[in-house]
Structure formats: structure tokens, C-alpha cells
Amino acid sequence: MKIIEAGDYQEMSRLAADYISGKVRSSEKINIGLATGGTPIGTYTKLIEDHQKNQTSYTNASTFNLDEYVGLSGDHPNSYRHYMNEKLFNHLDIKKSNTHIPRGDARDMLQECLDYEKKIAECGGIDLQILGIGSNGHIGFNEPGTSFNSNTHLVRLAPSTREANARYFESLEKVPTKAITMGISTIMKSKEILLLISGERKREAFARLMENEETENFPASILRNHPQVTIVADKAALGNNSWFL
Ligand code: GLP
């Protein structure tokens, strides 16, 4: 794993956006895996700025989001489809039909899982997967205990994840209890992974990721086995762990 240290959140966002836009410019066609949450917002803002300033075009790009809440339709303000449209897609020249997010309101959610996994494979797999990390080590919505062999599947959200995400909802009760997420195996099939870690809140998770223990109790630990992972972490997340660098 390669680690890039950023001074603060802004620098982390700029470095991550430069990395992504560089790949987009140098690829004839690219499939990008996208994450939600608070961490990548700055990166998406920088990608929009770059698109406006340098005309980086996304007509060659397709995107696949990691996850979606079960029970929310794409136009619900708390859905990840809404988040992605608002924070990124509406401001780029990407074709909406090339942006894929699991449907949280599909009539048959099990079929939706199979279809999503199939769509990623049919499009040729993910070239660059952007990831955040939950404080309990979750990636996507793969909570501790998820099998490393999992494909896109339905999950019950951990109480700590619902609490962490409650800040985006009117109240904790409104946070859905289930989600659909790419599995750990789906994520590991990506050719390359860019993991963003920011803030003191993530310091413990980051330190645990760097420990040499691979365990399903800390889903992100599997990333140590991926041949092409770059981590962009800010100082607050690194803390006194700078000796890793
Ligand atoms: C959410 C998302 C993850 C994200 C994580 C961290 O639950 N499903 O994809 O990486 O939590 O979120 P944040 O960046 O807000 O800390």
C-alpha cells in the first residue's frame, strides 16, 4: 500500500482529485467506483473545479457507486443517488446513463444485487475504486463480520454506522436500517483502489488498518492483500502514526 500524506482535508481532496482526473485524462475509457459519506465531498468539489477550469471530460467514464440505502428512492434527498447527482454528476459532462448506483427501492432487492454485480462485470470491471472507511473498518456498507468472499448483497447497518450517518437525516429513527452494497470481493476485483482517510475520528481505524492483522472483524484489513492501493490521509488521521510513512 502506498501512503500519501496530506497536510489537511483540503490538500487530501486536491491530491485525490488530481489523481482521479489524471487517470480520466489518460484513459480511453474508464470505470470509476465511487463512494459517498463526508470524506469524498471535497474531492468531488475539486473534480468539478478541474472540469470547469481544465475541461477534463467524463464522456469516456462510467461510474459505479458502492452502496445505497434500502427503502429510499433515487429522488429522496438522503439517497446516495441524490447525493451523487448534487455533489458531482450534475456538474460534469458525464452521461447520466453511465452512472450506476444500486436501486434502494427496487421491487426485488435480491435480484437488484445480482443485476448490479453483473452490470459491473459486463462493463469490464472497475478500473479505479474510490473508498472511504467507517470508524469500525467498514468499506462500502460491509460491516464487521462480512465475508471476504461477498458479492453485492443486502446488509443490516450496525448501530454505530446509523449513528454516524444520522447527521444527514432529521433524526436517528429516519436512518434506514438496511442497505445494498458492493461486497468485499466486488471491491477487491477493482484494478486499483484509492482510499481517502481524514480526521481525528478516523485515526484509530487508520492505525488498525496498518496493523498486520487480516480479519473479517475489520473489513478494510483485506485491502492489505490488494496489489494496487493508494491511501491519501491527512495529518489529523495520521496523528502520531506518521512513522508508518
Ligand atoms: C458510509 C458509506 C461509506 C463511507 C463511510 C464513511 O456509511 N457507506 O462508503 O466510506 O460511511 O463515511 P464518512 O466519510 O462520512 O466518514
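Counting starts at 1 for both ligands and their atoms, in listed order.
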Problem - Shortest heavy-atom approach to atom 2 (C) of ligand 1 - which of G140, P40, S135 - result: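 It is G140 that holds the nearest heavy atom.
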
When you measure from [atom] to every protein heavy atom, which one gives the shortest distance, and what is it?
atom	result
atom 16 (O) of ligand 1	K202 NZ, 2.6 Å
atom 6 (C) of ligand 1	I133 O, 3.6 Å
atom 5 (C) of ligand 1	H138 NE2, 3.5 Å
atom 4 (C) of ligand 1	T36 O, 4.0 Å
atom 12 (O) of ligand 1	G37 CA, 4.0 Å
atom 8 (N) of ligand 1	D67 OD2, 2.8 Å

Salt-bridged, [X] to [Y], with N to O below 4.0 Å?
X	Y	result
E112	K119	no
K46	D50	no
E49	K53	no

Mind checking whether [X] contacts ligand 1 via backbone (N, CA, C, O), side chain (CB onward), both or neither, at a 4.0 Å heavy-atom cut-off?
X	result
T39	both
R167	side chain
I139	neither

Exercise for the section: Return yes or no for this condition: an N or O of T161 is under 3.5 Å from an N or O of ligand 1. Expected result: no

Handout entry: Sub-3.5 Å N/O-N/O distance, G38 and ligand 1
Key = yes

Exercise for the section: Just say parallel, tilted or perpendicular for the rings of Y80 and Y83, cut-offs at 30° and 60°. Expected result: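 Ring orientation of Y80 relative to Y83: perpendicular.
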
Exercise for the section: Considering the heavy atoms of G132, write down every atom of ligand 1 situated less than 4.0 Å from one of them. Expected result: 10 (O)

Exercise for the section: Please say which of E143, E204, R208 ends up in a side-chain hydrogen bond (donor to acceptor under 3.5 Å, both in side chains) with N136. Expected result: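 For N136, the side-chain hydrogen bond (donor to acceptor under 3.5 Å, both in side chains) test succeeds with only one of E143, E204, R208, which is E143.
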
Practice task
Decide yes or no for L194 and L196: does some side-chain heavy atom of the first lie under 4.5 Å from some side-chain heavy atom of the second?
Solution key: yes

Handout entry: Non-neighbouring partners of K2 that pass side-chain hydrogen bond (donor to acceptor under 3.5 Å, both in side chains), sequence neighbours left out
Key =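 With neighbours one apart ignored, the set is empty.
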
Validation: residues 123-133 side-chain donor-acceptor distances under 3.5 Å, sequence neighbours left out:
from : atom 1 : to   : atom 2 : distance (Å)
D127 : OD1    : K191 : NZ     : 3.1
D127 : OD2    : N31  : N      : 2.7

